[in-house]
Number of protein chains: 4
Amino acid sequence: MAPRRVDKAARREEILAAAVRVFARKGFAASRIDDVAAEAGIGKGSVYLYFDSREALLDAAFENMTAAAEDILRRARSSPGPALDRLAVLIGEVLRTVSAEPDLARILLDLWNAGRGGAEGLPLSMAAVYAQYRTVIADLLREAGKEGTARPGLGLAEATVIVGAIEGCLLQWVIDPQVPIADLTGPIVAVCLDGVRTHGRPDRSAGGRP
Amino acid sequence: MAPRRVDKAARREEILAAAVRVFARKGFAASRIDDVAAEAGIGKGSVYLYFDSREALLDAAFENMTAAAEDILRRARSSPGPALDRLAVLIGEVLRTVSAEPDLARILLDLWNAGRGGAEGLPLSMAAVYAQYRTVIADLLREAGKEGTARPGLGLAEATVIVGAIEGCLLQWVIDPQVPIADLTGPIVAVCLDGVRTHGRPDRSAGGRP
Amino acid sequence: MAPRRVDKAARREEILAAAVRVFARKGFAASRIDDVAAEAGIGKGSVYLYFDSREALLDAAFENMTAAAEDILRRARSSPGPALDRLAVLIGEVLRTVSAEPDLARILLDLWNAGRGGAEGLPLSMAAVYAQYRTVIADLLREAGKEGTARPGLGLAEATVIVGAIEGCLLQWVIDPQVPIADLTGPIVAVCLDGVRTHGRPDRSAGGRP
Amino acid sequence: MAPRRVDKAARREEILAAAVRVFARKGFAASRIDDVAAEAGIGKGSVYLYFDSREALLDAAFENMTAAAEDILRRARSSPGPALDRLAVLIGEVLRTVSAEPDLARILLDLWNAGRGGAEGLPLSMAAVYAQYRTVIADLLREAGKEGTARPGLGLAEATVIVGAIEGCLLQWVIDPQVPIADLTGPIVAVCLDGVRTHGRPDRSAGGRP
DNA sequence: CATGAATGAGTATTCATTCAT
DNA sequence: CATGAATGAATACTCATTCAT
């Protein structure tokens, strides 16, 4: 009858945070429930009071990540301003979010990996997240096309490339923490929005010889 | 001294190919030695005549992939022609190689994931591969800068973005086979080299001859 | 000193009844303390205020069952009338008691099973109950022998058969609730007392008056 | 390629026999897979080469027992001779079989207990075995009725009692090994076939007073 | 008295690896 | 060389019991 000291939701978050730290350190596959419990400073059995299974911890981390991603996408879709500016903001936000919670980000590899091999209940639909991601950016590109700030005719293919640039930078950073993820917003925007080629004069570099 | 009917190296390759098919189908974590043996049509114990451990199979797949990557990088570095053209060729070759061997490519996730958590001997230095990858592209960008075909001042950061665009597209395809990886060479080249923005003066770089 | 609203003994009985319902439903092995607490509408920890352990709940159910059995046996021993009549009454009472409390009866399997494997303190001496059961019936048979209503020379062996017939019918009913336990008093009496064979002379024992 | 020393079927039987010994000694619930492996003199994992699960060991024991029971029933049904003689033989065979393999018999309690609590695949249909058992005996009784050796009108109810007498004796012996199961064939036949009452004179002991 | 959160001992099962044939 | 039976270390998960509130 006496109220518990720590409320269930808070304790759940503590455990999840501990799990994320462990997963980030050793990878999901090599993380034992005991590791998570020890990191959280509780008994092994207590983890199961808050999560149904080891897998459920990864699912919960996925939910957190997805929620953050959807926030960013929602903002990109609904905020005012020129489309390309909003795209640049989106890129910056993704990188800033990730830099702010490196542990959460470092389990990206495990999230990417999840949902393969067999019929999971909800296969951690990373595919769905990325599909939405591409759709939003494709819409921004088309909008920018109408505004005259982007080349016309851009669509899903180019959105895939931009998503790829963002997530591919994250990938490199996850594999190799030396990669300065926090400093890449500018370069991504510069490369994807402006390309690397010189402009101003007709540029025939990609063509054959005259 | 006469070569056995099936020589050791060939048998090894057969087993490795079987392993790659299995890994591609179920993921490395869910792949059992029995699965590999069955796929190769041999006894379970025989796998160990050619590979030291389950992990060694993944290592070997990594070597294959690395070898292919180094070929492509070597060619980009040493072939003649304008730097940006060679970059475009590189991008095309990566995507073509990957599309040609989807099984090998689909274990990318496992390769990215490998070598984390614990002190492995040589932890599948994916980081080294990508570092080299970035270096080669950064060199191409600097060279293009000198040629006047690329903006000056480009370097590692922009190379990271381009590597990201390529690998990020692969990532999306690995997660979701619907992504039309074979059709993305053009968009990657277009976006990374020319950007998506309209430019002050008519920019004909992507087009044919006037 | 004034009795609590719900006195301890009554609460204990409530919990025991709940436990018996749960055991009857799922079997002792599959019954969790939480199930019992939920069935009793109390907190899990409270069960331990009234019972020392999960096992103690089964012990208590055993005591209840034993008490009922001993009542019946006592009555058979001490009530007046011809021995075989008292035996017929005993059979009827066992079956009626069991039919009246199907839940208590359905845990018979668990009671029979209890006390095996390892050195329990007092291993639920079902063996003792049945030994007493046999003794009482053997005495009745000997008494009937002296009365001239039963064949002479009957004893423990025949008592074992009669106990077997009774408990064997219960067994069949416990295994298969379709067995009409309530209707078996007559047949048990008829078979055990009169046998199934025809006899040389008209045997009217089971019939009415000529 | 070299043939294994012990063929799979024989090894399977060895393990099953070991399991039956262990189950007989400690009961199924208290028997650990390690106990079975130790009793069989093999490694724990090897048990799983021959049986899918701990439960499967009990299932296999059940099959053995069922097969023996069906043999006996088949013989009782199809052998020649007066029905009641065949019934007496049946009773003798059940008791002899059980006495011959006390370990197998002593797990009867676990078999009776199995298949409760939850939806098992094939719930160890002990109920079906007993139903068949009753049917066969009821048929014998009806046949004996036609032969004039048994009272007419006997049927399922009386068969239930006879099955009860047999299995109830086994039950008592399982609970208390002191019960001389091997010596009970005679008494069961005597009691069930001839009853305990005196015959020859009109016996009114069960009736009211004149 | 009552509670239910916390605990950790206990176990079935899996699977990489070995090695006798 | 090839095999697959045997092994046992490793691990997720359960649940009776305790105890702080």
Side-chain angles (χ1 to χ4, degrees), chain A residues 1-8 11 15 29-37 40-57, chain B residues 4-6 8 11 29-38 40-57, chain C residues 4-6 8 11 29-38 40-57, chain D residues 1-8 11 15 29-37 40-57:
Chain A
M1 198 134 304
R4 282 279 123 199
R5 184 113 50 115
V6 209
D7 69 302
K8 289 209 53 129
R11 177 56 70 102
I15 296 173
S31 298
R32 309 284 138 242
I33 284 285
D34 302 69
D35 299 331
V36 173
I42 61 176
K44 173 178 32 168
S46 303
V47 174
Y48 287 92
L49 295 177
Y50 298 90
F51 294 91
D52 282 343
S53 67
R54 179 165 156 280
E55 192 73 25
L57 285 163
Chain B
R4 285 255 151 230
R5 187 87 59 91
V6 194
K8 218 159 145 88
R11 177 59 70 100
S31 297
R32 310 284 141 242
I33 286 284
D34 301 68
D35 299 330
V36 173
I42 61 174
K44 174 172 37 165
S46 305
V47 174
Y48 285 89
L49 296 175
Y50 298 89
F51 294 91
D52 282 343
S53 69
R54 178 164 161 279
E55 193 72 25
L57 286 164
Chain C
R4 285 255 153 229
R5 187 87 60 91
V6 195
K8 222 167 141 83
R11 176 59 70 98
S31 297
R32 311 282 140 244
I33 286 286
D34 302 69
D35 299 330
V36 173
I42 62 175
K44 176 173 34 167
S46 305
V47 174
Y48 285 88
L49 297 175
Y50 298 89
F51 293 91
D52 282 343
S53 69
R54 177 165 161 279
E55 193 72 25
L57 286 163
Chain D
M1 197 132 309
R4 282 280 122 197
R5 182 114 48 116
V6 208
D7 69 303
K8 288 208 57 128
R11 178 56 70 100
I15 296 173
S31 298
R32 308 285 137 243
I33 283 284
D34 304 68
D35 299 330
V36 173
I42 60 176
K44 176 174 31 170
S46 304
V47 175
Y48 287 92
L49 295 177
Y50 298 88
F51 294 92
D52 283 342
S53 68
R54 179 167 157 278
E55 193 72 25
L57 285 164

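Below, chains carry the letters A, B, ... as their sequence lines are ordered, and counting in each starts from 1.
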What heavy-atom pair brings D:Ala56 and D:Asp52 nearest, and what distance separates the two atoms? CB-N, 3.9 Å
Donor-acceptor pair (no angle test) under 3.5 Å: A:Lys44 side chain, E:dT7 base: no
Which whole-number value in Å describes the distance from A:Asp7 CG to E:dA5 P? 12 Å
Whichever of D:Val47 and C:Arg54 has the more 5' nearest nucleotide on DNA chain F, that residue is D:Val47
For A:Ser46 and for C:Ser46, find the nucleotide of DNA chain E with the closest heavy atom, then tell me which residue's nucleotide is more 5'. C:Ser46
Which is more 5' along DNA chain E, the nucleotide nearest C:Leu49 or the one nearest A:Ile42? Just name the residue. C:Leu49
Take atom CG of B:Leu57 and atom P of E:dC15, then tell me their distance rounded to the nearest Å. 16 Å
Between atom CD1 in B:Ile33 and atom C1' in E:dC19, what is the gap in whole Å? 16 Å
Which heavy atom of D:Lys44 sits nearest to which heavy atom of D:Ala37, and what is that distance? CA-CB, 3.6 Å
Minimum side-chain heavy-atom gap A:Ile33-A:Leu57 below 4.5 Å: yes
Quickly work out the B:Asp34 CG to E:dT17 P distance and round it to whole Å. 12 Å
Can you find a side chain N or O atom of C:Arg11 that sits less than 4.0 Å from OP1 or OP2 on E:dC1? no
Using atom CG of C:Asp35 as one end and atom P of F:dC15 as the other, report the distance to the nearest whole Å. 9 Å
Just by distance, do the side chain of A:Arg11 and the backbone of A:Tyr50 share a donor-acceptor pair under 3.5 Å? no
Rounded to the Å, how far apart are B:Phe51 CZ and E:dT18 P? 16 Å
Assigned partner base of F:dA12, Watson-Crick or wobble definition, under 3.5 Å: E:dT11
Heavy atoms from C-beta onward define the side chain here; which of F:dA16, E:dA6, F:dA6 lies closest to that of A:Tyr50? E:dA6
Searching all strands shown, indicate the nucleotide that pairs with E:dA20 (Watson-Crick or G-U wobble; both distances under 3.5 Å). F:dT3
Tell me whether the OP1 or OP2 atom of E:dA12 has a side-chain N or O from D:Arg32 closer than 4.0 Å. yes
Using the side-chain heavy atoms of C:Tyr48, tell me which of these nucleotides is nearest: F:dT18, F:dT7, F:dT3. F:dT18
